[in-house]
Amino acid sequence: MLDIQLLRNDLDNIASRLAARGFALDTAAFQALEGERKEIQTRTQELQAKRNASSKLIGQAKAKGEDVSAIMADVANLGDELKAAETLLEEIQAKMQDLLLTMPNTPHESVPVGKSEADNVEVRRVGTPRTFDFPPRDHVDVGESLKLLDFATATKISGARFTLLKGQLARLHRALTQFMLDTHTGEHGYTEVYVPYLVNADSMRGTGQLPKFEEDLFSVLRSDAEEGLAGMGGKTPNSQKLYLIPTAEVPVTNIVRDEIVALEDLPLKFVAHTPCFRSEAGSYGRDTRGMIRQHQFEKVELVQIVHPSRSFDALEELTGHAETILKRLELPYRVMALCSGDMGFSAAKTYDLEVWLPAQNTYREISSCSNFESFQARRMQARFRNDKNKPELVHTQNGSGLAVGRTLVAILENYQNEDGSVTVPSVLRPYLGGLEKLSA
RNA sequence: GGAGAGAUGGCCGAGUGGUCGAAGGUACUCCCCUGCUAAGGGAGCGUAGGGUUUAUAGCCUUACCGAGGGUUCGAAUCCCUCUCUCUCCGCCA
């Protein structure tokens with residue numbers, strides 16, 4: 001959520017920054033609403049002040065045993081007018097809140113301006129794609145011919161966009177998460193956290209998934225919800241509904257929702273391994289083959305809660321932490337600075353890490369690292385006490401370190417051998433009892 | 001699932017319809033005193049808004065005592081619903 005003060009004081013500037021990411025802010029509508037708000041709020045508060053003053057007088061007079069009927073008569077007429085003003089003000093403020101909640105973050109000045117993925121800027125490229133002396137197969141062929149990857153059965157169990165891993169490959173998948181967690185906790189100073197996978201609507205609002213992107217989420221009603229619904233006129237109360245997390249960013253970042261963190265406790269650095277659930281509505285026909293785009297996948301997520309003055313340094317650092325995993329696995333990748341039009345709703349700046357996939361002959365996203373500045377913190381009211389002892393919004397950021405399923409894909413493709421086997425990257429072998437090759 | 005208790009400021013804790021945004025304590029900040037790893041004295045100290053203003057200063061003002069509704073001229077206090085916490089019993093990985 002953007003600071004409404006900024007909108008009031010610098011509307012045209014904000015509008016043009018939002019335009020860079022393809023969001024058209026109706027400035028005239030905003031100003032009209034704001035004008036209305038100002039008038040109604042002033043009037044409401046004047047009426048409230050009058051009522052409060054009169055009520056106080058009644059109290060004082062009664063204490064002295066004086067007659068209060070004159071004051072009572074004076075304040076009696078206030079009721080209806082005040083009620084109407086309060087209702088109107090509430091409606092206007094709700095409208096304003098809706099507007100604010102559906103406005104994306106403004107891109108940082110260092111973000112390249114552009115419309116789509118095609119305008120993203122390559123920052124650096126690390127590692128050289130291997131040259132194959134045989135035609136490289138994609139991860140589906142490699143995994144299925146080893147009998148370690150089974151999409152048909154996963155489809156039978158659940159449907160499209162689910163994966164079944166077996167044997168050595170299931171273990172490799174587990175080894176990857178262990179390796180990532182060990183690296184981030186042991187070398188990069190993150191605290192490992194275990195978090196809920198079902199979260200409430202407040203948490204989803206806090207990190208920006210709601211109210212705008214509900215269709216991307218899976219949700220469940222509590223088992224006793226039906227009973228509750230009957231008594232609520234058929235409306236679904238928020239408290240009865242829980243959402244499956246689309247990323248650990250949601251539960252982990254919400255650790256600081258409605259909290260005031262001590263200055264000396266910053267930065268907070270958390271790492272969590274969780275499953276992620278995405279409905280993938282609107283992605284029909286994209287990446288239908290293989291495990292690139294799934295309804296359920298695993299991710300190791302890095303989250304930092306930082307002092308505002310440090311947030312862009314922290315983004316570079318966090319991106320570096322994610323890159324470390326790719327370097328250790330010796331997977332070729334590149335770092336892309338997302339352009340204004342391709343960034344996510346809540347981000348002020350984002351780097352994507354893209355890993356080389358030989359079968360697709362291209363780089364594909366395997367991590368996304370973003371600085372949200374105070375955008376999420378304002379929604380969450382996540383603050384710290386600054387050096388003047390005043391509460392101030394923190395800056396939040398996160399990045400995948402890494403998406404485990406996609407890392408598995410990258411290993412299967414980059415480490416495949418002509419005989420159909422797959423070499424295990426050396427850093428993972430200790431996690432696999434020394435296994436050097438996946439083979440049939 | 002059953003029975004009961006509770007939710008107040010950073011923390012503890014008073015307050016059952018009227019000068020309560022809220023006593024007191026503690027923590028914190030500043031000052032004084034004190035020649036020492038302490039004590040004493042004084043002052044300050046909630047959050048989010050709105051108006052005014054060059055001003056994130058000051059002044060005026062509104063809301064907030066778990067959340068939402070209601071009664072009332074007036075609600076931390078009364079009523080209703082919900083959420084959460086604690087204790088006991090039951091069940092359970």
Side-chain angles (χ1 to χ4, degrees), chain A residues 1-10 33-83 85-97 100 194 196-203 205-206 221-242 254 256-265 308-309 374 377-394:
Chain A
M1 190 160 71
L2 296 174
D3 184 356
I4 192 162
Q5 299 293 356
L6 276 178
L7 286 162
R8 287 181 184 139
N9 299 332
D10 205 9
L33 189 59
E34 171 62 10
E36 206 180 349
R37 190 225 94 230
K38 194 163 171 171
E39 187 198 322
I40 300 297
Q41 183 162 0
T42 306
R43 199 170 83 212
T44 305
Q45 293 191 351
E46 278 169 2
L47 290 169
Q48 285 171 328
K50 193 172 167 191
R51 180 205 59 198
N52 290 347
S54 297
S55 294
K56 209 167 214 173
L57 282 178
I58 292 173
Q60 288 169 348
K62 274 196 167 179
K64 291 181 204 153
E66 294 167 1
D67 177 48
V68 294
S69 56
I71 319 176
M72 294 278 270
D74 186 41
V75 83
N77 308 317
L78 225 66
D80 289 346
E81 195 186 350
L82 177 58
K83 191 97 186 166
E86 281 176 340
T87 306
L88 186 55
L89 179 61
E90 230 168 89
E91 283 167 15
I92 291 168
Q93 284 180 327
K95 262 191 221 170
M96 189 61 95
Q97 187 71 1
L100 285 172
Y194 170 82
Y197 304 154
L198 295 169
V199 302
N200 59 32
D202 283 341
S203 293
R205 248 190 306 278
L221 290 178
R222 293 183 184 178
S223 56
D224 57 351
E226 226 169 310
E227 221 176 298
L229 291 182
M232 293 261 195
K235 281 195 169 176
T236 307
N238 272 343
S239 57
Q240 300 279 9
K241 197 172 187 179
L242 291 174
N254 273 281
V256 293
R257 172 156 57 85
D258 294 323
E259 298 289 337
I260 299 176
V261 182
L263 179 61
E264 58 268 26
D265 288 341
S309 66
S374 59
R378 186 168 295 106
R379 290 171 161 241
M380 291 193 298
Q381 283 303 299
R383 295 171 292 175
F384 69 101
R385 284 201 186 276
N386 63 21
D387 48 16
K388 289 177 187 141
N389 215 31
K390 287 287 169 198
E392 184 179 334
L393 295 170
V394 297

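- Heavy atoms of A:Arg378 sit nowhere under 4.0 angstrom from any nucleic acid atom.
- Of the two residues near RNA chain B, A:Ile58 and A:Ile4, the one whose nearest nucleotide lies more 5' is A:Ile4.
- Atom CG of A:Asn9 is separated from atom P of B:U53 by 14 Å (rounded to the nearest Å).
- Counting distance only, with no hydrogens placed and no angle test, the side-chain atoms of A:Lys62 and the base atoms of B:G18 include a donor-acceptor pair under 3.5 Å.
- Within the nucleic acid shown, A:Glu46 has no heavy atom closer than 4.0 Å to any nucleic acid atom.
- Shown here, B:G66 forms a base pair with B:C82; the pair counts as Watson-Crick or G-U wobble because both key distances fall under 3.5 Å.
- Atom P of nucleotide B:G49 and atom CD of A:Glu90 are separated by 18 Å, given to the nearest angstrom.
- For the pair A:Arg383 and A:Thr44, nearest-nucleotide mapping onto RNA chain B gives the more 5' position to A:Arg383.
- No donor-acceptor contact under 3.5 Å links the side chain of A:Gln93 to the base of B:G49.
- Separating the C1' atom of B:G24 from that of B:C36 is a span of 32 Å, rounded to the nearest Å.
- A:Leu6 places its CG atom 16 Å from the C1' atom of B:G49, with the value rounded to the nearest Å.
- Here CG of A:Leu57 is found 13.5 Å from NZ of A:Lys62. Values are rounded to the nearest 0.5 Å.
- For the C1' atoms, the distance linking B:U29 with B:C45 amounts to 8 Å, nearest Å.
- The interatomic distance linking A:Leu47 (CG) with B:A63 (C1') rounds to 15 Å, in whole Å.
- Atom C1' of B:G9 sits at a distance of 14 Å from the matching atom of B:G66, rounded to the whole Å.
- Contact detail for A:Ala85 and A:Ile40: the closest heavy-atom pair is O-CG2, 3.8 Å.
- Counting non-hydrogen atoms under 4.0 angstrom, A:Gln48 reaches the backbone sugars and phosphates but no base.
- Only the P atoms considered, B:G74 is 39 Å distant from B:G1, to the nearest whole Å.
- Using Watson-Crick or G-U wobble geometry with both donor-acceptor distances under 3.5 Å, B:G21 finds no partner in any strand shown.
- Remark: the separation of the C1' atoms in B:A93 and B:G25 is 45 Å, to the nearest Å.
- Taking the side chain of A:Arg37 as heavy atoms from C-beta on, and the options B:G51, B:A63, B:U62, the nearest nucleotide is B:G51.
- One atom, CG of A:Leu242, and another, C1' of B:U83, lie 13 Å apart when rounded to the nearest Å.
- Closest approach of A:Leu82 to A:Leu47, counting heavy atoms only: CD1-CB, 3.6 Å.
- Remark: B:U29 base-pairs with B:A43; criterion is Watson-Crick or G-U wobble with both hydrogen-bond distances under 3.5 Å.
- The nearest pair of heavy atoms linking A:Ile58 to A:Met72 is CD1-SD, 3.6 Å.
- Note on A:Asn52: a side-chain N or O is less than 4.0 Å away from OP1 or OP2 of B:U62.
- An OP1 or OP2 oxygen of B:G51 is reached within less than 4.0 angstrom by a side-chain nitrogen or oxygen of A:Lys38.
- The partner of B:A14 is absent, by the rule that a Watson-Crick or G-U pair needs both atom distances under 3.5 Å.
- Taking atom P in both B:A14 and B:U56, one finds a spacing of 40 Å when rounded to whole Å.
- Look at B:A57: it lacks any Watson-Crick or wobble partner with both distances under 3.5 angstrom.
- Under 3.5 Å, the side chains of A:Asn200 and A:Ser203 contain a donor-acceptor pair of N or O atoms.
- The distance between atom CG of A:Asp258 and atom C1' of B:U83, rounded to the nearest whole Å, is 14 Å.
- On the P atoms, B:A3 is 26 Å away from B:U77, given to the nearest whole Å.
- Here B:G74 sits opposite no nucleotide as a Watson-Crick or G-U wobble pair (both hydrogen-bonding atom distances under 3.5 Å).
- The shortest side-chain heavy-atom distance between A:Met1 and A:Gln97 falls under the 4.5 Å cut-off.
- Taking every side-chain heavy atom of A:Gln45 into account, B:G49 is the closest of B:G74, B:G49, B:U52.
- In this structure, CZ of A:Arg51 is placed 13 Å from C1' of B:G18, rounded to the nearest angstrom.
- When the P atom is compared between B:G44 and B:A23, the two are found 13 Å apart, to the nearest whole Å.
- Atom CD of A:Glu259 and atom P of B:G9 are 13 Å apart (whole Å).
- Here B:U47 is the nucleotide among B:G70, B:C73, B:U47 with the atom lying nearest to any side-chain atom of A:Lys390.
- Checked against B:C73, B:U61, B:U47, the side chain of A:Arg385 finds its nearest nucleotide in B:U47.
- A salt bridge between A:Lys83 and A:Glu86 is absent, with no side-chain N of the basic residue lying under 4.0 Å from a carboxylate O of the acidic one.
- Annotation for A:Val199 and A:Pro196: closest pair CG1-O, 4.2 Å, computed over non-hydrogen atoms.
- In this structure, B:A93 forms no base pair with any nucleotide, since neither Watson-Crick nor G-U wobble geometry is met with both distances under 3.5 Å.
- Across all strands shown, B:U34 remains unpaired; no Watson-Crick or G-U wobble contact has both distances below 3.5 Å.
- The side chain of A:Gln381 has B:A48 as its nearest neighbour among B:A48, B:G70, B:C73.
- Closest contact between the side chain of A:Lys83 and the listed nucleotides B:G70, B:C73, B:U47 involves B:G70.
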